[in-house]
Amino acid sequence: MTLRLFNTLTSQVEELAPVDGNELRMYACGPTVYDYGHIGNFRTFLQVDVLRRFLKLQGIAPRHVMNITDVDDKIIRNAAAAGVPIGEYTPRFENAFFEDLDALSVEKPEVIARATENIPSMVELIEDLAKQDYAYKTEDGSWYFRIAKFPEYGKLSKKDFSGITDGARVDVDEYDKDSARDFALWKAPKPGEYHWETSLGPGRPGWHIECSAMATKFLGDGLDLHAGGEDLMFPHHENEIAQSESASHKCFARHWFHVRFLLVEGRKMSKSEGNFYTLRDLLLKGYKASAIRMLLISVPYRQQLNFTFDGLAAETGAVERLRTFRDRVRSAQAGTETNPELADETARCRRNFFEALSNDLNTAEARAAIFDLVRAGNAAIDAKKLGAENVTQMLDLLSQFDAVFAVLEDNDARWTKFALDWAARENRLDQVSPELLAQNALGDEEIQALVDKRTAAKRARNFALADQIRNELAEKGVLIEDSKDGVRWKRK
RNA sequence: GCACCGGUGGCGAAGUGGCUAACGCGCUGGUCUGCAAAACCAGUAUUCGCGGGUUCGAUCCCCGCCCGGUGCUCCA
């Protein structure tokens with residue numbers, strides 16, 4: 001079953017397949033490492049992760065390049081404010097970014113490309129463009145791309161620039177550009193600003209050139225796929241196309257994948273709205289990494305997802321139910337006789353699961369198919385109508401589901417602990433929710449001692465004491481579950 | 001302002017010109033339990049932002065309005 005995916009360039013759903021062989025060459029715009037990533041950033045990275053995981057499940061090997069923008073205006077500004085060189089400022093946020101991806105079970109791309117490590121490739125590309133008269137140098141020593149020479153400009157974002165008159169919006173510093181629309185390839189340094197000495201003159205790369213240069217360097221021309229957030233469509237990706245195709249006179253990327261922005265509690269996420277959250281903010285509020293992943297991938301990438309705390313709590317329960325179901329299937333008493341209805345239902349769910357993801361990565365439907373399996377499987381287990389073959393089939397489908405959704409392995413406690421340790425190091429413990437703090441203050445042994453005390457009280461039929469202990473633990477975020485095989489407890 | 005996208009039950013959402021409008025959470029009832037919790041089962045939108053229109057028939061197509069979002073400028 002081939003993946004049919006919307007292509008921004010053609011505005012159509014098209015089959016996505018490697019142009020040659022089994023390797024899909026994809027480039028996805030990575031972060032600018034000047035701060036911690038927020039959930040909006042991660043929705044995009046998560047959706048790209050779903051894409052690459054599904055490709056792998058289909059036997060296609062992604063060769064995925066992600067850039068790290070480790071030099072730009074904000075980095076220069078923030079590093080200067082912190083009084084350190086940019087090379088000392090960015091690693092902290094780059095590391096944090098990869099820790100966050102890890103917490104969200106995002107697979108690492110095959111190639112990580114840092115802008116500052118690829119300056120020569122960018123210089124080469126700009127020189128090539130200059131040779132072909134697509135690039136020109138201005139009085140201050142900056143280089144610009146001449147949009148007038150690239151008639152296809154606007155083909156990705158479907159903008160018509162023919163009627164745009166120049167001079168509408170001109171930066172004071174950029175008065176000598178040929179056209180107001182022309183964008184910077186290379187920026188001359190302001191006094192005292194960090195720069196590279198190159199054949200272009202001193203300066204640093206413009207925002208767009210790094211992606212053009214590094215994509216071609218690591219993947220060659222004619223990428224199978226190029227991905228990013230919807231905001232990057234214009235101007236960033238449009239400019240990448242202009243640079244790359246002007247230089248090579250070949251197609252830069254065949255398929256463009258853009259992930260829609262999310263809303264938070266029905267509003268645009270922004271610092272001024274007070275609804276701006278980093279991953280770490282959420283972990284410190286006590287939300288689980290798996291629930292955050294589940295919520296961010298459950299709404300298809302082209303839909304506007306409304307991120308709410310109610311939704312996040314709901315996903316916590318949903319993930320829990322899936323995990324419980326898998327454990328239940330694993331330890332179920334299966335007979336030798338296969339339940340044919342269940343086998344049919346499992347096959348139907350599998351078909352729906354693959355069909356949904358193949359249909360422009362409809363994660364909502366794919367997920368629904370798995371919950372259909374959960375219901376059918378649970379009913380069969382309750383009715384004791386379950387064969388060994390049914391168990392194998394269901395576990396197999398669950399593992400395929402998890403190859404894409406990656407929420408069944410429970411590493412949540414580890415990541416919560418990670419966030420708490422980080423908060424302690426960074427003096428951010430005031431951002432931790434009181435409940436999580438209380439929960440964390442109790443050691444495992446301490447909890448176990450209380451649980452044992454309650455069990456003893458129960459045995460002695462002293463239910464008042466037993467219930468009191470249970471309530472105390474509940475207030476501190478520890479839940480007790482009595483079961484046939486003894487008493488279990490867990491941190492909420 | 002111009003362009004594009006969306007508005008489906010308490011919440012998050014899928015979907016389709018006509019079969020009972022998926023799925024998750026929640027809620028209600030049941031099984032289990034000393035009581036709970038957990039788990040499981042069952043029920044839970046005469047209806048798809050509002051007003052028109054096209055059609056034998058519209059939540060799905062067209063027009064207008066209201067609301068939200070995105071782009072036009074840094075942003076995942």
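Chain identifiers are assigned alphabetically (A, B, ...) following the order of the sequence lines, protein sequences preceding nucleic acid strands; residue numbering begins at 1 within each chain. Just the heavy atoms: all of them, side chains too, but no hydrogens, waters or symmetry mates, feed the values below.
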Among all residues two or more places apart in sequence or in another chain, which pass the ring pair (Phe, Tyr, Trp, His ring centres under 6.0 Å) test with F42(A)?
-> none
Salt bridge (charged side-chain N to carboxylate O under 4.0 Å, His left out) filter on D231(A), not counting sequence neighbours, yields none
Partner set under salt bridge (charged side-chain N to carboxylate O under 4.0 Å, His left out) for K74(A), not counting sequence neighbours = D72(A)
With sequence neighbours left out, write down each residue that passes side chain to side chain contact (heavy atoms under 4.5 Å, CB included) with [X], or none if nothing qualifies.
X       : value
D410(A) : R323(A), D412(A)
H38(A)  : N41(A), M269(A), F276(A)
A313(A) : none
F309(A) : E265(A), Y277(A), L282(A), K285(A), Y287(A), L312(A)

Do any of residues 90-112 of chain A sit with a heavy atom less than 4.0 Å from RNA chain B, and if so which?
-> none
Along nucleotides 32-39 of chain B, 5' to 3', which nucleotides get a B, which get an S, and which get a -, given that the test is a protein heavy-atom distance under 4.0 Å?
-> --BBBBSS
Between protein and nucleic acid, restricted to nucleotides 13-16 of chain B and to nitrogen or oxygen atoms under 3.5 Å apart, what atom pairs and distances do you find?
unit_1	atom_1	unit_2	atom_2	d
A13(B)	OP1	N306(A)	N	2.3
A14(B)	O3'	N362(A)	ND2	3.1
A14(B)	O2'	E365(A)	OE2	2.9
G15(B)	OP1	N362(A)	ND2	3.0

How does RNA chain B look in dot-bracket notation if pairs are Watson-Crick or G-U with both distances under 3.5 Å, crossing ones as [ ], other-strand ones as |?
-> (((((((..(((.....[....)))((((((.......))))))....(((((..]....))))))))))))....
Salt bridge (charged side-chain N to carboxylate O under 4.0 Å, His left out) contacts in which one or both residues fall within residues 288-311 of chain A, not counting sequence neighbours | D49(A)-R293(A), R302(A)-D360(A)
